[in-house]
Amino acid sequence: MAQTTNSNKILEISPNPFTSYTIITLPEEILRPCSLELFDLNGEKIYSYSNIISNKFILSGKMFKKGSYLYKVFNPDYSFFTTGKIIIN
C-alpha cells in the first residue's frame with residue numbers, strides 16, 4: 001500500500017502495484033470535490049478525472065498499459081495536494 005502525506009493528511013492506494021484495479025482512499029476531512037491526474041514518466045498527462053466526491057474511488061488498470069505512472073490528487077483550493085507513483089502490472 002502506498003501512502004503519501006500533505007499537512008498530516010494521508011492518501012492511501014491499495015493495492016499498489018496492481019493489475020485490474022486499485023482503491024484510492026482520501027482523508028475524510030478534506031474539502032471535496034477532488035481531482036486525479038495521471039502522467040506517464042515523460043510527464044505527459046494521460047488521464048484526468050474530476051468531481052470525486054467520495055472518500056474512496058476505484059481506478060481501473062484496464063485503461064492503461066503496464067508500467068509506472070505518476071499521479072496528482074488535489075481539491076479545488078489546493079488545501080489538499082499530493083503526488084506519488086503507481087505501478088500497473
Side-chain angles (χ1 to χ4, degrees):
M1 170 177 31
Q3 293 185 338
T4 58
T5 60
N6 176 31
S7 303
N8 299 322
K9 298 171 185 167
I10 299 174
L11 171 80
E12 295 182 12
I13 300 176
S14 181
N16 188 20
F18 66 99
T19 302
S20 56
Y21 71 92
T22 191
I23 298 172
I24 299 174
T25 305
L26 301 166
E28 291 279 347
E29 69 275 6
I30 66 167
L31 176 68
R32 290 191 184 59
C34 288
S35 298
L36 165 75
E37 294 178 346
L38 203 59
F39 303 85
D40 65 19
L41 294 181
N42 294 319
E44 183 178 337
K45 188 188 312 183
I46 60 165
Y47 179 77
S48 181
Y49 184 72
S50 58
N51 204 28
I52 301 166
I53 57 172
S54 175
N55 75 313
K56 290 187 180 190
F57 65 97
I58 295 173
L59 179 64
S60 174
K62 296 177 184 179
M63 301 182 298
F64 309 103
K65 295 178 183 177
K66 294 179 181 182
S68 296
Y69 297 90
L70 305 174
Y71 67 83
K72 177 170 68 172
V73 178
F74 56 95
N75 62 3
D77 69 355
Y78 281 84
S79 62
F80 180 76
F81 179 93
T82 189
T83 60
K85 183 167 93 171
I86 59 171
I87 301 170
I88 302 173
N89 290 330

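Just the heavy atoms: all of them, side chains too, but no hydrogens, waters or symmetry mates, feed the values below.
- Tracing side-chain contacts under 4.5 Å through hydrophobic residues (I, L, V, M, F, W, Y), one reaches Tyr69 starting from Leu59; they form part of the same cluster.
- Atom-to-atom distance recorded for Lys45:NZ and Leu70:CG is 13.5 Å, nearest 0.5 angstrom.
- Taking SG from Cys34 and CG from Asn75, the interatomic distance works out to 5.0 Å, rounded to the nearest 0.5 Å.
- Here the CG-CD distance, from Leu26 to Glu28, works out to 9.5 Å after rounding to the nearest 0.5 Å.
- Pro15 approaches Thr22 most closely through the heavy-atom pair O-OG1, 2.6 Å.
- At a threshold of 4.5 Å between side-chain heavy atoms, the hydrophobic network of Ile, Leu, Val, Met, Phe, Trp and Tyr places Leu41 and Phe39 in one connected group.
- Annotation for Arg32 and Ser54: closest pair NE-O, 3.2 Å, computed over non-hydrogen atoms.
- With rounding to the nearest 0.5 Å, the separation of OG1 in Thr25 from CD1 in Ile10 is 11.5 Å.
- Ile30 and Tyr49 fall within the same hydrophobic cluster, defined by Ile, Leu, Val, Met, Phe, Trp and Tyr side-chain heavy atoms under 4.5 Å apart, directly or through other members.
- Shown here for Gly61 and Ile88, the closest heavy-atom pair between the two residues is O-CG2, 4.1 Å.
- Residue Asn51 comes nearest to Ser35 through the heavy atom pair N-OG, 4.4 Å, listed as atom of the first residue, atom of the second, then distance.
- The side-chain heavy atoms of Ile24 and Ile52, taken from C-beta on, include no pair separated by under 4.5 Å.
- Taken to the nearest 0.5 Å, the CG atom of Asn89 stands 9.0 Å off from the CG atom of Asn16.
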**OP:** Starting from the C-alpha separation in whole Å, work towards a yes-or-no answer on side-chain contact (heavy atoms from CB on, under 4.5 Å) for Ile87 and Ser68.
**Re:** CA-CA 4 Å; Ile87 301 170; Ser68 296; 3.8 Å; yes
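- The aromatic rings of Phe64 and Tyr47 lie perpendicular to each other, with more than 60° between the two planes, well past the 30° mark.
- Placement of Tyr21 and Ile46 in two distinct hydrophobic clusters is found when ILVMFWY residues are connected by side-chain heavy-atom separations under 4.5 Å, directly or transitively.
- Residue Leu11 is grouped with residue Phe57 when hydrophobic side chains (ILVMFWY) are merged at heavy-atom distances under 4.5 angstrom, including chains of intermediate members.
- Between the side chain of Asn42 and the backbone N or O of Glu44, no donor-acceptor pair lies under 3.5 Å.
- The two residues Glu37 and Ser48 make their nearest non-hydrogen contact at CG-OG, 4.0 Å.
- Annotation: side chain of Ile53 is in contact with side chain of Pro33 (closest heavy-atom distance under 4.5 Å).
- Residues Leu36 and Tyr71 are in side-chain contact: their nearest non-hydrogen atoms beyond the backbone lie under 4.5 Å apart.
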